[in-house]
Trainee: 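After the structure tokens below, expect a handful of questions from me.
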Amino acid sequence: FALNDLRGVELYYKEASRHSHLIFIYLIDFLTKITSLPAELFMDNLTILFLILFCYEVKKYSILFFSLNNKWNNLAAAITATFPVWHTLIVFRMGLDLLYFYFVLIGYIYFINKNFYYKIFGLLLIVLSFGMNSNLSFVIGLVTIHFVICKLKNKNDCQLKDVLLIIIVSITSYIINTNYFPPYGMYVGYNTPSFENLFSVN
């Protein structure tokens with residue numbers, strides 16, 4: 001941003017197959033050009049905003065999974081906000097990871113809503129969250145744990161069809177990304193698990 005030259009960043013994100021990350025780079029670049037404010041201001045405030053929203057989602061999940069009262073929900077959010085790992089957020093790349101983690105949490109809250117349009121919107125947010133590869137498996141764990149909790153508590157908040165739909169969407173997204181949007185150039189094979197020797201013994 002200081003050099004007003006995004007070619008190096010574009011090359012990295014494209015070759016590493018992180019195309020959705022570029023949207024935020026372009027957005028910040030656009031905002032710096034129309035306001036003449038430094039890029040760091042937008043990057044830092046975007047990170048702070050999503051950290052606050054992330055803490056709010058933790059509060060909602062405290063209710064959803066553990067049925068905690070408001071005092072304990074607030075404590076869970078406060079512990080999350082003060083967790084020592086957040087010093088890494090000064091790196092913009094880590095801030096983007098927090099953003100995608102927030103997308104999977106808020107997306108799942110919408111997904112379990114009974115309203116069809118909310119459910120579709122939630123599914124779209126979940127798919128968007130796959131900009132961070134670990135969310136492909138995290139969301140499967142999330143829906144599975146929620147399903148088990150619902151069965152133990154005899155609730156109908158989560159159905160088996162929800163679990164299967166999330167698994168299908170995650171696997172389909174993985175297959176599409178691997179086959180049609182793989183890393184290329186110097187990042188060939190980057191962040192791509194290999195299953196070749198999974199069932200063989202040397």
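One-based numbering along the sequence shown.
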Trainee: Are any of the side-chain heavy atoms of Pro38 and Phe1 separated by less than 4.5 Å?
Mentor: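 Heavy-atom side-chain distance check fails, nothing below 4.5 Å.
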Trainee: For Asn179, what residues pass the side chain to side chain donor-acceptor pair (under 3.5 Å) criterion, not counting sequence neighbours?
Mentor: none
Trainee: Could you tell me if the side chain of Tyr61 sits less than 4.5 Å from the side chain of His146, heavy atoms only?
Mentor: no
Trainee: Which heavy atom of Gly122 sits nearest a heavy atom of Tyr110, and at what distance?
Mentor: CA-CB, 3.5 Å
Trainee: Looking at Tyr26 and Glu10, what are the two nearest heavy atoms and their distance?
Mentor: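 Result for this residue pair: OH-OE2, 2.7 Å.
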Trainee: Of all heavy-atom pairs between Ala76 and Val58, which one has the smallest distance, and what is that distance?
Mentor: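 Where Ala76 meets Val58 most closely, the heavy atoms are O-CG1, 3.9 Å.
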Trainee: Do the rings of Phe24 and Phe103 sit parallel, tilted or perpendicular, given the 30° and 60° boundaries?
Mentor: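 Ring orientation, 0 to 90° scale: tilted.
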Trainee: Examine distances only and state if a side-chain atom of Ser17 and a backbone atom of Phe181 form a donor-acceptor pair shorter than 3.5 Å.
Mentor: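 Confirmed, Ser17 side chain pairs with Phe181 backbone.
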Trainee: Can you tell me how far the CG atom of Leu136 sits from the OH atom of Tyr174, to the nearest 0.5 Å?
Mentor: 9.0 Å
Trainee: Would you mind reporting whether Phe54 and Thr80 have side-chain heavy atoms less than 4.5 Å apart?
Mentor: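 A side-chain contact exists here, since the closest heavy-atom pair is under 4.5 Å.
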Trainee: State which residue, out of Leu68, Leu64, Asn74, fulfils the side-chain contact (heavy atoms from CB on, under 4.5 Å) condition with Lys59.
Mentor: Asn74
Trainee: Is it possible for you to say whether Ile167 and Ile145 belong to one hydrophobic cluster, with membership spreading through side-chain heavy-atom contacts below 4.5 Å?
Mentor: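 Linked, Ile167 and Ile145 end up in one cluster.
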Trainee: Backbone N or O of Ile25 within a donor-acceptor pair of the Asp29 side chain at under 3.5 Å?
Mentor: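 Not at all, since once roles are kept as given, no pair shorter than 3.5 Å links the two residues.
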Trainee: Do Trp86 and Ile52 belong to the same hydrophobic cluster, where Ile, Leu, Val, Met, Phe, Trp and Tyr are linked whenever their side-chain heavy atoms lie under 4.5 Å apart, directly or via other members?
Mentor: no
Trainee: Give, for atom CG of Asn113 and atom CZ of Phe121, the distance between the pair rounded to the nearest 0.5 Å.
Mentor: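 These two atoms lie 11.5 Å from each other.
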Trainee: For Lys60, which residues count as a side chain to side chain donor-acceptor pair (under 3.5 Å) partner, sequence neighbours excluded?
Mentor: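 If we apply the side chain to side chain donor-acceptor pair (under 3.5 Å) test to Lys60, skipping adjacent residues, the hits are Glu57.
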Trainee: Look up atom CD1 in Ile126 and atom CG in Leu142, then write down how far apart they are to the nearest 0.5 Å.
Mentor: 8.0 Å
Trainee: Quick check on Tyr184: does its OH atom have over 12 non-hydrogen neighbours (other residues, nucleotides or ligands) under 6.0 Å away?
Mentor: yes
Trainee: Compare every heavy atom of Cys55 with every heavy atom of Ala77, then report the nearest pair and how far apart it is.
Mentor: CB-O, 3.6 Å
Trainee: For Leu53 and Ile106: C-alpha separation, side-chain torsions, deciding distance, then whether side chain to side chain contact (heavy atoms under 4.5 Å, CB included) applies.
Mentor: CA-CA 9 Å; Leu53 292 172; Ile106 187 74; over 6 Å; no
Trainee: How many angstroms lie between CD1 in Ile28 and CD1 in Ile23, if you round to the nearest 0.5 Å?
Mentor: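 Ile28 CD1 to Ile23 CD1: 12.0 Å, rounded to 0.5 Å.
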Trainee: Take atom OH in Tyr118; do more than 12 heavy atoms of anything else shown fall under 6.0 Å from it?
Mentor: no
Trainee: Membership question, hydrophobic clusters at under 4.5 Å side-chain separation (ILVMFWY): are Val139 and Ile120 in the same one?
Mentor: no
Trainee: Would you say the side chain of Ile166 lies within less than 4.5 Å of the side chain of Phe147, judging by non-hydrogen atoms?
Mentor: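 Contact flag for Phe147/Ile166 side chains = no.
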Trainee: Quick one: closest heavy-atom pair of Ile140 and Thr144, and the distance?
Mentor: O-OG1, 2.7 Å
Trainee: Is there a path from Leu49 to Leu98 through hydrophobic residues (I, L, V, M, F, W, Y) whose side chains come within less than 4.5 Å of each other?
Mentor: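 Yes, same cluster.
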Trainee: With a 6.0 Å cut-off (strictly less than), is the heavy-atom count around NZ of Lys153, excluding the residue itself, greater than 12?
Mentor: yes
Trainee: For a 4.5 angstrom cut-off between non-hydrogen side-chain atoms, does Ile176 reach Tyr180?
Mentor: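 In contact.
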Trainee: Give, for atom CD1 of Ile149 and atom CZ of Phe66, the distance between the pair rounded to the nearest 0.5 Å.
Mentor: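 These two atoms lie 6.0 Å from each other.
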Trainee: How about Tyr56: does its OH atom have over 12 heavy atoms from other parts shown lying under 6.0 Å from it?
Mentor: no
Trainee: For residues Ile168 and Leu128: do they belong to one hydrophobic cluster (side chain heavy atoms under 4.5 Å, members Ile, Leu, Val, Met, Phe, Trp, Tyr)?
Mentor: no
Trainee: For His21 and Tyr100, take the angle between the two ring planes, folded into 0 to 90°, and tell me which bin it lands in: parallel under 30, tilted 30 to 60, perpendicular over 60.
Mentor: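 Tilted.
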Trainee: Should Arg93 and Tyr12 count as side-chain neighbours, where that means a heavy-atom distance under 4.5 Å?
Mentor: yes
Trainee: Does the Trp72 side chain pair with the main chain of Ser67, one donor and one acceptor, at a distance under 3.5 Å?
Mentor: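 No: the side chain of Trp72 does not pair with the backbone of Ser67.
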Trainee: Nearest 0.5 angstrom please: Leu27 CG to Met43 CE, how far?
Mentor: 12.0 Å
Trainee: Can you tell if the side chain of Val104 reaches within under 4.5 Å of the side chain of Phe111, non-hydrogen atoms only?
Mentor: no
Trainee: Centre-to-centre under 6.0 Å for Phe50 and Phe101, is that the case here?
Mentor: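 No, the ring of Phe50 stays outside the 6.0 Å limit from the ring of Phe101, centre to centre.
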Trainee: Counting C-beta onward and ignoring hydrogens, is there a side-chain heavy-atom pair between Leu41 and Thr35 closer than 4.5 Å?
Mentor: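 With C-beta onward as the side chain, the pair stays apart.
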Trainee: Please find the pair of heavy atoms, one from Gly107 and one from Leu125, that lie closest to each other, and give the distance.
Mentor: CA-CB, 3.7 Å
